[in-house]
Engineer: 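Pasting a structure below so you can have a look.
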Amino acid sequence: MASAKSKSTNPNKPQNTGNPKNKGKSTGRDKAAARRARIEEQRRAERARERRVRIITVVASTAILAGLVGGGWYLIDQANDKEQAKAAPVAGEKTWSKLSQTHVDTKVDYPMTPPVGGNHAPVWQNCNGNVYTTELQNENAVHSLEHGAVWITYNDKAAQADVKALAAKVTKTPYTLMSPYKSQTSPITLSAWGHQLNVTKASDARVDEFLDKYVQGTQTPEPGAACTGGKSA
């Protein structure tokens, strides 16, 4: 009886490790899992990016709001400072209160020189930056002060350079007028309704301060009234 031949295994021959169909399914599952992992990673990255954007937006908005609030308070403080400065008197000025405002056709004996208020002529002196080279009638100039003008006067003691500098300033400033006034004691005088300041130089910082404060200032009995259409000489 012939003996059965034993089966030998060829090491070079591929081995059957399983059902090819199962292997394909495994590979497909691996790919799907990898795809899901990649999608999940992308979603996490997107959520992280959105969180960063929200944080940056909140921080930026807070900074902007703080800046606006701080800037607003700064502007309010600045405005308050300006209002307080306007409320304070100009250093060295003189003031008068309870000045009458009756229109009269007669000469008025004023208690101050130049006058800063009281009874006055029915017609005002033009004061739209007018510079006069001769003396004015007090009564007409006082009416201009009632309308909120500042009247700058000077005598022979004032330097010609100062007179020219003041004239240039007046011509650029509505509700002002300027004229010589020989009998005043100070070289230069600035007058508004109820207020007066004496200076010796046009460069005195109080000149601009007085103009800023009293041209159409709160002291004006008739704010907004005309400074044209009155007496021109």
Engineer: Rounded at 0.5 Å granularity, tell me how far CD in Gln101 sits from CD in Glu222.
Structural biologist: 6.5 Å
Engineer: Do the side-chain N and O atoms of Gln125 and Ser144 include a donor-acceptor pair separated by under 3.5 angstrom?
Structural biologist: no
Engineer: Got a sec: does the CD of Gln219 have more than 12 other heavy atoms crowding it under 6.0 Å?
Structural biologist: yes
Engineer: Lys169 versus Val207: any side-chain heavy-atom pair under 4.5 Å?
Structural biologist: yes
Engineer: Does the side chain of Asn155 pick up a donor-acceptor pair with the side chain of Lys182 at under 3.5 Å?
Structural biologist: no
Engineer: Mind checking whether Asn138 and Val108 have side chains closer than 4.5 Å, heavy atoms only?
Structural biologist: no
Engineer: Is it true that His120 and Glu139 share a donor-acceptor pair across their side chains at a distance under 3.5 Å?
Structural biologist: no
Engineer: I'd like to check Phe210 versus Val150 (side-chain heavy atoms, cut-off strictly below 4.5 Å). Are they in contact?
Structural biologist: yes
Engineer: For Asn126 and Tyr132, test the side chains for any donor-to-acceptor distance below 3.5 angstrom and give the result as yes or no.
Structural biologist: no
Engineer: Just by modelled atom types, is the Ala91 backbone N or O under 3.5 Å from a matching donor or acceptor in the Arg206 side chain?
Structural biologist: yes
Engineer: Is it true that Thr189 and Trp151 share a donor-acceptor pair across their side chains at a distance under 3.5 Å?
Structural biologist: no
Engineer: Would you mind reporting whether Met112 and Trp96 have side-chain heavy atoms less than 4.5 Å apart?
Structural biologist: yes
Engineer: Report the distance from atom CG of Leu145 to atom CG of Leu177, rounding to the nearest 0.5 Å.
Structural biologist: 7.0 Å
Engineer: With no hydrogens and no angle check, do the side chains of Asn128 and Thr228 hold a donor and an acceptor under 3.5 Å apart?
Structural biologist: no
Engineer: Just wondering, do Asp162 and Ile188 contact through their side chains at under 4.5 Å, heavy atoms?
Structural biologist: yes
Engineer: Do Val116 and Val199 belong to the same hydrophobic cluster, where Ile, Leu, Val, Met, Phe, Trp and Tyr are linked whenever their side-chain heavy atoms lie under 4.5 Å apart, directly or via other members?
Structural biologist: no
Engineer: Quick one: pull up CG in Leu197 and CG in Asp204 and give me the separation to the nearest 0.5 Å.
Structural biologist: 7.0 Å
Engineer: Which class fits the ring pair His103 and His143: parallel under 30°, tilted 30 to 60°, perpendicular over 60°?
Structural biologist: tilted
Engineer: Would you check if Asn140 and Val123 make a side-chain contact, meaning some heavy-atom pair closer than 4.5 Å?
Structural biologist: yes
Engineer: How far does CG of Asn198 sit from NZ of Lys94, to the nearest 0.5 angstrom?
Structural biologist: 5.5 Å
Engineer: Check the pair Gln184, Thr113 against side-chain hydrogen bond (donor to acceptor under 3.5 Å, both in side chains), reporting the backbone distance first and the verdict last.
Structural biologist: CA-CA 6 Å; Gln184 68 183 36; Thr113 304; over 6 Å; no
Engineer: Working to the nearest 0.5 Å, report the span between CG of Leu211 and OG1 of Thr173.
Structural biologist: 6.0 Å
Engineer: Under 3.5 Å, is there a donor-acceptor pair linking the side chains of Gln160 and Tyr154?
Structural biologist: no
Engineer: For a 4.5 angstrom cut-off between non-hydrogen side-chain atoms, does Thr176 reach Ile152?
Structural biologist: no
Engineer: Indicate whether any N or O donor in one side chain lies under 3.5 Å from an N or O acceptor in the other, for Gln196 and Ser191.
Structural biologist: yes
